[in-house]
Novice: 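Have a look at this one before I ask anything.
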Amino acid sequence: MREPGFGVASGDLRSGWIPASGESCTCIERDSIVTETAEGPADVRTRIERYDPSEIEPRWQARWDELGLHRTDLSDESRPPYYLLTMYPYPSGDLHIGHWYIVTPSDALARYRRMHGDNVFFPIGFDAFGLPAENAAIKNKIHPATWTMKNIENMRRQFRTMGAMFDWDAEVVTCQPDYYRWNQWLFLKFLEAGLAYRAMSPVDWCPNDGTLAREQVEGTDRRCWRCGEKVQKRDLEQWFLRTTKYADELLDFSGINWPEPVRIMQTNWIGRSEGGEIVFTTAPSDHHAGGEELRVFTTRPDTLFGATFMVLAPEHPLVGSLTAPDRAAEVETYVAQARVRTEIERLSTDREKTGVAIGADAINPISGERLPIFIADYVLAGYGTGAIMAVPAHDERDFAFATKFGLTIRRVIAAPGTPGTEAAPGTEAAPGTQNAPLDAAFVSHAADEELVNSGPYSGMLADEGGRAIVAALAEQSAGRTAVTYRIRDWLISRQRYWGTPFPIVYCDQCGIVPVPEGQLPVLLPETVDYQGSGDNPLNHDEAFLRVNCPSCDGPARRETDTMDTFVDSSWYWFRYLSPGKTDGPIDRAMTDRWTPVDQYTGGAEHAVMHLLYSRFFTKAMRDIGLVSEDEPFRRMFNQGQILGADGERMSKSRGNVQDPGELVSRYGADTVRLFLMFMGPWDQGGPWSASGIGGVYRFLNRAWAIAIDPHGTDPGDQEAGRLPAGQGLEDAALAIRAAAHRTLRDVTIDYEGFRFNTMLAKLMELSNTLYRYRGTPAAGSPEWDEAVGMLLLMLAPAAPHISEELWSRRLAAEGVEWSSIHIERWPTVDASAVVEETREVPVQINGKLRDKVVVPAEASDADLEAAVLAAPKIVAALAGRTPDRVIVAGGGRLVNLVVCG
RNA sequence: GCCGGAGUGGCGGAACGGCAGACGCAGCCGACUUAAAAUCGGCAGCCCGCGAGGGCGUGAGGGUUCGACUCCCUCCUCCGGUACCA
């Protein structure tokens, strides 16, 4: 049973009463303290109760908990649902300042939305499978499950000190069978739908420690991080999800509000290119009969006549049969070298090009020209067809290769009338085009450029010529228009223990057999025998391995690979909506109502992979009939990352992890929350430094003093008790009201735009203004009271404890029954309070600031211009000259006088 | 390398193409205190000038504009991602 939502809960709140709040009347009164002085006579001073977060915060956290203030009634239809999701953390052990940085503003947003009347769902969980638990297991001989669950326990406790409004009832822990069984279930559905398949793929392999992750391969010579052994490549049969099926749909971001950089990065990652597939044929030679098809993909079919050689990926299937016997040794050596290089290395345009000729030729289908075939690692087997036609005159990489190997460079595109490009068709390059200078050559051609050196196509515009060439090839079945993508299918197999087991059995009789749905979950055994290495212990667990075939009941063996942890994170927000559901992964009624997630927040480091996989999962789940949505997250925001004080990413191994515990016990959670929001723009992050936290603490102390002791004054304040010079009580009240409403207007805009740093700056300004009036006659005014109330309401999402405490005292002082500030409504701006009577207009001469004039707010441009030209400083600066132009910019916000000469 | 982001006082940062440096930290001066801490008020980009004032300033160099931290081009540095870290 879930607790009732706020509607009912608030009734509980009113009936409940907090002891300390009952004392609030005495709190507001002052304690008289008699201080004995050396001179003898007693100096009677007053002191207010001091702000003590260590007393306030735990008390309210316990109270909120008790009242179920943070539980969301998912079935409550009386208010609009608002699903706010923050990326769930990896349970690394302790919450560090980075977790606070991620969660605090999200929590403020959740509270802000709730103050607008939304039914806010703000869940949390743990991304609990993955490598670090296995590393801990090997290092400390502790079971990954024990390590992980201990960490989770600890982090749950630490999370509570933040005062975040997480709904813990919906918690997801991915390493538990009640979660990962649904990974298995989804995998089986994907398999059924043809979205999952098995294929060979290479992994980085260490003979001692098995498969290695990228981060486990160290140094330029690529050695294993544990044993230092040279890393090899090994081809394994592995499971893939067919992400490429959705390539085009994933390019479509209409209907979701995501940051431009993320959309661009995903678009580039998917990497759709349109062009043509062209079929070359191999030429006969002593060792090869010829006539084999050699397919290439090109985005530039218009440059076909400029192809002067061919390049195959070293892994290309035809390499073996095409290689001439006298080239075999060299080719084999090169292929072996290429296998150990990373893709990043291979694609680097910086690195000198390498490759070898294989002693065979290909025939250009349009010109009949014979082109030598090379293999080179800058061509990847997995992209396009794994083979290219090289056009060195119009491609930077091909140019570099041709230059190094002394190959022909033939220019085939030029602006009309470019000298030296009128060679006869089909012949060698025209004079002056050999080794053509790089500058103009391979930049994408201008619209008016024409084909040259291109047989019958010479003289056509490049685009048009390209289409004509593909059309001609298509007629002889030697080409067609084609689209390729950079994105590959998602390899989800991991040769590791601490992950979701695949629900697959291998049977000698029946082959690959899915575990029947009714036999799920396939439990991860409690094996911990790592045999002193990182090799997957499942491979050695006979009890797990041996199984009867679900199909024929004969002896069979289980799949020992587990799933990529990105599988877990690709649908967890659906599961939050279905806690404890045992007859399916998700509750359709709930996901229909609550998804897509209204707002997702998380690190920019997830801009592509996690966010793309999540989009893929949503679409795949839609296509197998599980959900109705096309997209997982309506609006996305990427916050920055807090780095260690050394500017490096926080990690235990670097020893730069910042524990917020000490700051919290010294200043309180509210101060730490505010400081993290105040540091800078949330999407920026940056190196951690606690210097400046005192300023935020002072701000809260001032807010405290304003709220509980409006008539107090400070020692040494020369202006104490006096209104600003020239201001009457009425002026002061209006000024207070204007400040409060202007702040509300601006703070609301900042919350909506996630600009928490400027939001707090404006609250500080308001509190500075109020503080100026503290102790003056204006402090008792209704405007003052309104402003203080507004300050607390605006502060409530960001600093939930102090605002709740001060709010409860206000209610008590007014004799009003208590109800939480966090279910209070966000105030509304009174536009009339903010109206200004005059405006100050900066005046520039030739763009340099020279003076400012003050004019009535409604002054016309002509009035303004007259005032400007009469201003003494301007008259002096003009020194008798007449402005050539007078620019009144931005609807009278600035005047610029342009004086020539 | 490629893709994305960021470079502004001593520091964190602010600024719809229109007053660069809001807000805060550190600093300096003053008030309160026997004193210190805390608190309160004030000053404060850099250079020249007693001052009035002037000059220079948003990573570097160009460009567009009456006007550029903001837009465009080239470059430098740092951060994130680069498909088995999550």
Side-chain angles (χ1 to χ4, degrees), chain A residues 37-39 87 89-90 92 127 129-132 135 203-204 211-217 243 259-262 264-269 271 342-351 487-488 490-496 564-566 569 603-610 612-613 638 640-641 643 647-649 651 675 678-681 683-687 689 691-696 698-699 701-702 705 713-720 755 757-758 760-765 768 771 840-844 846-849 851-852 883-887 889-890 893-898:
Chain A
T37 63
E39 285 81 48
M87 288 180 187
Y90 181 81
S92 51
D127 185 16
F129 273 138
L131 214 45
N135 293 337
V203 296
D204 285 323
T211 304
L212 299 179
R214 187 165 58 96
E215 67 161 15
Q216 297 176 319
V217 178
T243 41
E260 173 92 10
V262 178
I264 292 171
M265 279 190 273
Q266 293 203 354
T267 301
N268 292 338
W269 181 273
T342 65
E343 238 169 74
I344 293 175
E345 272 184 301
R346 286 178 60 163
L347 289 174
S348 166
T349 47
D350 240 15
R351 194 173 130 250
I487 191 175
R488 304 195 292 254
W490 174 14
L491 192 165
I492 57 166
S493 292
R494 298 291 181 266
Q495 291 74 49
R496 312 212 174 275
D564 182 0
T565 55
F566 274 121
S569 56
E605 68 273 22
H606 294 294
V608 176
M609 300 184 68
H610 162 59
L612 198 62
Y613 294 147
N638 292 113
Q641 210 170 38
L643 307 172
E648 300 285 328
R649 206 172 148 161
S651 74
F675 178 59
F678 185 61
M679 278 174 50
D683 57 4
Q684 203 169 288
S689 160
S691 86
I693 193 169
V696 173
R698 265 191 284 277
F699 160 62
N701 274 287
R702 288 167 150 243
T713 53
D714 294 300
D717 182 357
Q718 291 111 317
E719 295 296 311
R755 285 180 294 271
N757 57 329
T758 52
L760 280 166
K762 284 157 196 167
L763 288 185
M764 286 175 179
E765 277 181 278
N768 289 345
Y771 208 83
E840 189 187 54
V841 180
V843 184
Q844 299 177 334
N846 291 338
K848 276 186 190 295
L849 182 72
D851 199 6
K852 293 174 186 182
D884 297 281
R885 277 178 75 184
V886 177
I887 292 163
R893 279 207 323 280
L894 174 140
V895 177
N896 189 15
L897 306 178
V898 184

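All values below were derived from every heavy atom in this structure, side-chain atoms included, with hydrogens, water molecules and symmetry-related copies excluded. Chain letters run A, B, ... following the sequence lines, proteins first and then strands; every chain starts at 1.
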Novice: So which nucleotide does B:rG1 pair with, by the Watson-Crick or G-U wobble rule with both distances under 3.5 Å?
Specialist: B:rU82
Novice: Would you mind pulling out the nucleotide paired to B:rC56, Watson-Crick or G-U wobble, both distances under 3.5 Å?
Specialist: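 The base-pairing partner of B:rC56, which may sit in any strand shown, is B:rG45.
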Novice: Determine whether any donor atom in the side chain of A:D717 lies under 3.5 Å from an acceptor atom in the base of B:rC40, or the reverse, and answer yes or no.
Specialist: no
Novice: Between A:N638 and A:P259, what is the shortest heavy-atom contact and its length?
Specialist: OD1-CG, 3.8 Å
Novice: Ring-plane angle category for A:Y613 and A:W490, please: parallel below 30°, perpendicular beyond 60°, tilted otherwise.
Specialist: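 A:Y613 vs A:W490 ring planes: parallel.
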Novice: In the strands shown, is B:rC11 matched to any nucleotide by a Watson-Crick or G-U wobble pair with both distances under 3.5 Å, and which?
Specialist: B:rG24
Novice: Given B:rC84, B:rC40, B:rU82, identify the nucleotide with an atom nearest to the side chain of A:R702.
Specialist: B:rC40
Novice: Could you check which of B:rC32, B:rC84, B:rU82 has an atom nearest any side-chain atom of A:V203?
Specialist: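 Looking only at side-chain atoms, A:V203 lies closest to B:rC84.
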Novice: Have a look at A:P681 and say if it touches a base, only the backbone sugar-phosphate, or nothing, with a 4.0 Å heavy-atom cut-off.
Specialist: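 Since only primed, P, OP1 and OP2 atoms lie under 4.0 Å of A:P681, the category is sugar-phosphate.
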Novice: Which part of the nucleic acid, if any, lies within contact of A:I264, taking any heavy atom under 4.0 Å across all strands shown: a base, the sugar-phosphate backbone alone, or nothing?
Specialist: sugar-phosphate
Novice: Checking A:S348 side chain against A:E345 main chain: does a donor-acceptor pair fall under 3.5 Å?
Specialist: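 Such a contact is absent between A:S348 side chain and A:E345 backbone.
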Novice: Determine the Euclidean distance between corresponding C1' atoms of B:rG55 and B:rC3; express it in Å to zero decimal places.
Specialist: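 43 Å, rounded to whole Å.
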Novice: Looking only at atom C1', what distance separates B:rC48 and B:rA68, rounded to whole Å?
Specialist: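 Between the two C1' atoms, the distance is 27 Å.
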Novice: Would you classify A:F699 as touching base, sugar-phosphate or nothing, given that sugar-phosphate means primed atoms plus P, OP1 and OP2, and contacts are heavy atoms under 4.0 Å?
Specialist: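 The answer is nothing, as A:F699 stays clear of every strand by at least 4.0 Å.
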Novice: What nucleic acid atoms does A:Y90 come within less than 4.0 Å of, heavy atoms only: base, sugar-phosphate, or nothing?
Specialist: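 Sugar-phosphate: the residue A:Y90, judged by heavy atoms under 4.0 Å, touches backbone atoms but no base.
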Novice: Rounding to the closest angstrom, what is the interatomic distance between B:rU58 and B:rG10 at atom P?
Specialist: 13 Å
Novice: Can you tell me which nucleotide in B:rG24, B:rG13, B:rC66 comes closest to the side chain of A:Q684?
Specialist: B:rG13
Novice: Between A:S691 and A:N268, which is nearer to the 5' end of RNA chain B once each is assigned its nearest nucleotide?
Specialist: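 Per heavy-atom nearest nucleotide, the more 5' residue is A:N268.
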Novice: With salt bridge (Lys or Arg N to Asp or Glu O under 4.0 Å) as the test, would you mind laying out the steps for A:E343 and A:R488 before giving the verdict?
Specialist: CA-CA 14 Å; A:E343 238 169 74; A:R488 304 195 292 254; 3.3 Å; yes
Novice: Could you measure between the two C1' atoms, the one in B:rG57 and the one in B:rG9, and give it in whole Å?
Specialist: 10 Å
Novice: Please walk me through it: do A:L612 and A:M265 pass side-chain contact (heavy atoms from CB on, under 4.5 Å)?
Specialist: CA-CA 10 Å; A:L612 198 62; A:M265 279 190 273; over 6 Å; no
Novice: Give one of base, sugar-phosphate or nothing for A:L763, where a contact means two heavy atoms less than 4.0 Å apart.
Specialist: nothing
Novice: Using purine N1 to pyrimidine N3 plus N6-O4 or O6-N4 for Watson-Crick, or N1-O2 and O6-N3 for G-U wobble, each under 3.5 Å, what pairs with B:rC19?
Specialist: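 Base partner found: none.
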Novice: Which part of the nucleic acid does A:S493 contact within heavy-atom distance under 4.0 Å: base, sugar-phosphate only, or nothing?
Specialist: base
Novice: Using the P atom as the reference point in each nucleotide, state the distance between B:rA37 and B:rC28 in Å, no decimals.
Specialist: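 Result for the P pair: 11 Å, nearest Å.
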Novice: Applying a 4.0 Å non-hydrogen cut-off, can you work out what A:E605 is touching in the nucleic acid: base, sugar-phosphate, or nothing?
Specialist: base
Novice: Determine which nucleotide pairs with B:rA6, using a 3.5 Å limit on both distances of a Watson-Crick or G-U wobble pair.
Specialist: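 Check on B:rA6: paired to B:rU77, both distances under 3.5 Å.
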Novice: Nearest whole angstrom, please: distance from the C1' of B:rA6 to the CD of A:Q641.
Specialist: 14 Å
Novice: Would you mind telling me which of B:rC3, B:rC23, B:rC32 lies closest to the side-chain atoms of A:M265?
Specialist: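 Nucleotide nearest to A:M265's side chain: B:rC3.
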Novice: When syn is taken as a glycosidic angle within 90 degrees of 0, is B:rG67 syn or anti?
Specialist: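 The base of B:rG67 is oriented anti (glycosidic angle more than 90° from 0).
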Novice: Taking N and O atoms by type only, does the side chain of A:Q495 place a donor or acceptor under 3.5 Å from a partner on the base of B:rC84?
Specialist: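 Side chain to base: pair present.
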Novice: Nearest to the A:T211 side chain among B:rC84, B:rC85, B:rA20, which nucleotide is it?
Specialist: B:rC84
Novice: Taking atom P in both B:rG13 and B:rA6, compute the distance separating them and give it to the nearest angstrom.
Specialist: 13 Å
Novice: Can a donor-acceptor pair under 3.5 Å be found between the side-chain atoms of A:R649 and the base atoms of B:rC79?
Specialist: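 No, no donor-acceptor pair under 3.5 Å.
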Novice: Regarding A:N846, tell me which of base, sugar-phosphate or nothing describes its non-hydrogen contacts under 4.0 Å with the strands shown.
Specialist: nothing
Novice: Could you work out the separation of B:rA26 and B:rC40 based on their P atoms and round it to a whole Å?
Specialist: 12 Å
Novice: Under 4.0 Å between any heavy atoms, over every strand shown, what does A:N896 touch: base, sugar-phosphate, or nothing? Just pick one.
Specialist: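 The residue A:N896 makes base contact.
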Novice: Hey, mind stepping through A:N768 and A:R702 against side-chain hydrogen bond (donor to acceptor under 3.5 Å, both in side chains) and telling me if it holds?
Specialist: CA-CA 8 Å; A:N768 289 345; A:R702 288 167 150 243; 2.9 Å; yes
Novice: Over all heavy atoms of both residues, which pair between A:Q266 and A:V608 is shortest? Give the atoms and the distance, please.
Specialist: NE2-O, 3.8 Å
Novice: Considering only side-chain heavy atoms of A:V898, which listed nucleotide, B:rC19, B:rC84, B:rC66, is closest?
Specialist: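 Of the options given, the side chain of A:V898 lies nearest B:rC66.
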Novice: Pick the nucleotide of RNA chain B nearest each of A:D714 and A:V895; which residue has the one closer to the 5' end?
Specialist: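 On the 5' side of the pair lies A:V895.
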Novice: Students often get this wrong, so: under 4.0 angstrom with heavy atoms, is A:L131 touching a base, only sugar-phosphate, or nothing?
Specialist: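 The residue A:L131 makes sugar-phosphate contact but no base contact.
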Novice: How would you label the contact of A:W269 with the nucleic acid (heavy atoms, under 4.0 Å): base, sugar-phosphate, or nothing?
Specialist: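 The residue A:W269 makes base contact.
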Novice: Any strand is fair game: report the nucleotide pairing with B:rA68 by Watson-Crick or G-U wobble, both distances under 3.5 Å, or none.
Specialist: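 Paired with no nucleotide.
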Novice: What's the gap between B:rG27 and B:rG45 when it is taken at their C1' atoms, as a whole Å value?
Specialist: 14 Å
Novice: Looking only at side-chain atoms of A:R698, point me to the closest of B:rA31, B:rA26, B:rC66.
Specialist: B:rA26
